[in-house]
*Asks:* 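Please find one structure pasted underneath; my questions will follow.
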Amino acid sequence: MSRFYITTAIPYVNAKPHIGFALELVQADVIARYQRLKLGGENVYFLTGADENALKNVQAAEKEGRSTSEYVAEMSDRFRSLASALNISNNDFIRTTEQRHVKGATKLWQSCKPDDIYKKSYSGLYCVGCEQYYTEDELVDGVCPDHKVKPELVTEENYFFKLSSYQHKLEQLISNDEFKITPESRKNEMLAFIRRGLEDFSISRSRERARNWGVPVPGDDSQVMYVWFDALSNYLNALGYAANDSLYKEFWDNSGRKLHVIGKGITRFHCIYWPAMLLSAGLPLPNEVFVHGYVTVDGQKISKSLGNTVDPVELVNKYGSEPVRYYLLREIPAWEDGDYSEAKFKQRYESDLANGLGNTLSRVTNMIEKFGNGKFIQAEGVNAYTPAAASAIEIAMRSYRFEAALLAIFNVIGEIDAEIEKNKPWEMAKEEKFNDIQKLLSKWGTMLLDVSHYLKPFLPDAAKKIEDKLREHNITKAEPLFPRLN
RNA sequence: CGCGGGGUGGAGAAGUGGCAUCUCGCCUGGCUCAUAACCAGGAGAUCGCGGGUUCAAGUCCCGCCCCCGCAACCA
């Protein structure tokens, strides 16, 4: 029994989703769909969701003069809609204000080794305006960079987690890939971080400082959990950890594979804090964390002050989900940062999707209609992908190099075009060599089916359209799969 | 001496020792089945700079310059 559990991170919902999170959803979706094809749909479980407990959410709601719970509910819906706009095949969507989550986070806290959670007083420079702590060097001339006020020295008693006692174990698990971090550069970063020495970290806030928002610390009403402590437990909670549901047993508490897909900014939380918490609670660890890079827009970091945010839902409304999926997967190197620009988007759309895949389908189906009587018979022994190409795609998929996989998959489009040009079926038609044409059309159609097979995880709709078209009894010229933009 | 990533034809990238590759753009030619799409050929790179190792270096070593991230309770 081979089970596969995959998750995205749960973004906090203080603003509408931007294109960076769309990247994560799409990458995770490709992996999920790919695994379903291999393992069968029932053996794959794909989770995404939203973090509603972050203090930032409270601040954002306040700014709009709304109640926090109403605000986060509405914002979570926007993230849910993004997933559906992008045709993401998630099995579930968890909100961290749900009971199953609160109960699970509580259970996880209680399951940690008693020695690992202790009370300690913490003091730091706290800016009331920002509602956050600053270190000395973050201050500009001794004042908060945002509010230009001198922060107060605040002392508060919090619960701490004994991360320090897991230093050795974590180093071991990560370096021998028992807890695998992809790409390797991220693994090295984490190892370097661990070797510098791990300090215990605070896992609670005073209820006051948390603005009375969050998951209460069990047995201590004066404190709520530090948002990361509860947030990470969502991966267990969606499966029914608190109630020990069968889903939890099948997908987490067994030997199946568990993969987290995250952005580079939260690597430490997923690769250090999270496994330590699980170790403390005596729970199985995820097998792997895949860390993708960030999306820049026109070469610049996405930032609200620059006003260069790109709304992925708008993009989908304008161009459709598949072109957006394609762009994110093909143009952004999955292991690194990548850039979005409208010009590049249009370029990819035109050359790869419209003039490439779509046009080739039109050519082939049109010739089947015109020269082949609408009949297409799948060719025996034709493989669009040589064993070398197929294995290159496999390797790319297994290492989450989606851009490399797509490049290899799309090579075949060019090959079909070149063969059409070389054989000139339209001339053969004049000479009435219809049997020969039929053979060629069988071959090209079969090659297109091979392409669509590999495209399924990436472009599920287009793949299906290609397949459906070539399975028609009386094939007519296909409608443009991706119409030209102008 | 903080850590990491990167500097390859006009643009974007691939490329861990053996004639420098791909996509887009540009030029020329071809084709007309196709979404004015497609195919072939071509021009264009002293592979950031300076040394070194080697029969041979974009690729290994040393030094330097420049760009971009990250630097622990803050998503």
*Asks:* May I ask you to say what A/Ala354 touches in the nucleic acid, namely base, sugar-phosphate or nothing, with a heavy-atom cut-off under 4.0 Å?
*Replies:* base

*Asks:* Where the side chain of A/Lys370 is defined as all heavy atoms beyond and including C-beta, which of B/A72, B/A34, B/A37 is the nearest nucleotide?
*Replies:* B/A34

*Asks:* Measure from the side chain of A/Asp417, starting at C-beta and using heavy atoms only, and say which of B/C38, B/C33, B/C24 lies closest.
*Replies:* B/C38

*Asks:* At less than 4.0 Å, is any side-chain N or O atom of A/Asn366 found next to OP1 or OP2 of B/A34? Yes or no.
*Replies:* yes

*Asks:* Using the benzene-type ring in the case of Trp, are the ring centres of A/Phe229 and A/Phe201 under 6.0 Å apart?
*Replies:* no

*Asks:* Residues in ring-ring contact (aromatic ring centres under 6.0 Å, His included) with A/Tyr340, at least two apart?
*Replies:* A/Tyr327

*Asks:* Out of B/C73, B/A37, B/C33, which has the shortest distance to the side chain of A/Glu421?
*Replies:* B/C33

*Asks:* Remember a base hit wins even if backbone is also touched, and classify A/Leu198 as base, sugar-phosphate or nothing at under 4.0 Å, heavy atoms.
*Replies:* base

*Asks:* Compare the minimum distances between each of B/A72, B/A34, B/C24 and the side chain of A/Ser362, then state the nucleotide with the smallest one.
*Replies:* B/A34

*Asks:* On RNA chain B, nearest-nucleotide positions of A/Arg401 versus A/Leu407: which is more 5'?
*Replies:* A/Arg401

*Asks:* I'd like to know if A/Glu336 reaches the base of B/G5 with its side chain such that a donor and an acceptor end up less than 3.5 angstrom apart.
*Replies:* no

*Asks:* Assess whether ring-ring contact (aromatic ring centres under 6.0 Å, His included) is satisfied between A/His270 and A/Tyr235, documenting all intermediate values.
*Replies:* CA-CA 11 Å; A/His270 283 80; A/Tyr235 303 130; 5.6 Å; yes

*Asks:* Tell me: CH2 of A/Trp444 to P of B/A34, nearest whole Å?
*Replies:* 14 Å

*Asks:* Can you tell me if A/Asn435 has over 12 outside heavy atoms packed within less than 6.0 Å of its CG?
*Replies:* no

*Asks:* Taking any heavy-atom pair under 4.0 Å as a contact, classify A/Leu441: base, sugar-phosphate, or nothing.
*Replies:* nothing

*Asks:* Report which part of the nucleic acid A/Ala429 touches: base, sugar-phosphate, or nothing (heavy-atom distance under 4.0 Å, all strands).
*Replies:* nothing

*Asks:* Given Watson-Crick or G-U pairs with both distances under 3.5 Å, what dot-bracket string fits RNA chain B, with | for other-strand pairs and [ ] for crossing?
*Replies:* .(((((((.[[[[.)..(..]]]].(((((.......))))).....[[[[[..)....]]]]])))))).....

*Asks:* Among residues at least two apart in sequence or on other chains, which ones pass ring-ring contact (aromatic ring centres under 6.0 Å, His included) with A/Phe371?
*Replies:* none

*Asks:* Scan A/Pro483 against the nucleic acid and name what it touches under 4.0 Å (heavy atoms): base, sugar-phosphate only, or nothing.
*Replies:* base

*Asks:* Checking contacts here: which listed nucleotide (B/C38, B/G12, B/A72) is nearest the side-chain heavy atoms of A/Arg363?
*Replies:* B/C38

*Asks:* Among B/A37, B/C33, B/C73, find the nucleotide with the atom closest to the side chain of A/Arg484.
*Replies:* B/A37

*Asks:* Can you confirm whether A/Glu157 is buried at CD, in the sense that more than 12 heavy atoms of other residues, nucleotides or ligands lie under 6.0 Å from that atom?
*Replies:* yes

*Asks:* As a test of reading the structure: which of B/C39, B/A34, B/C31 is closest to the side chain of A/Trp426, going by heavy atoms?
*Replies:* B/C31

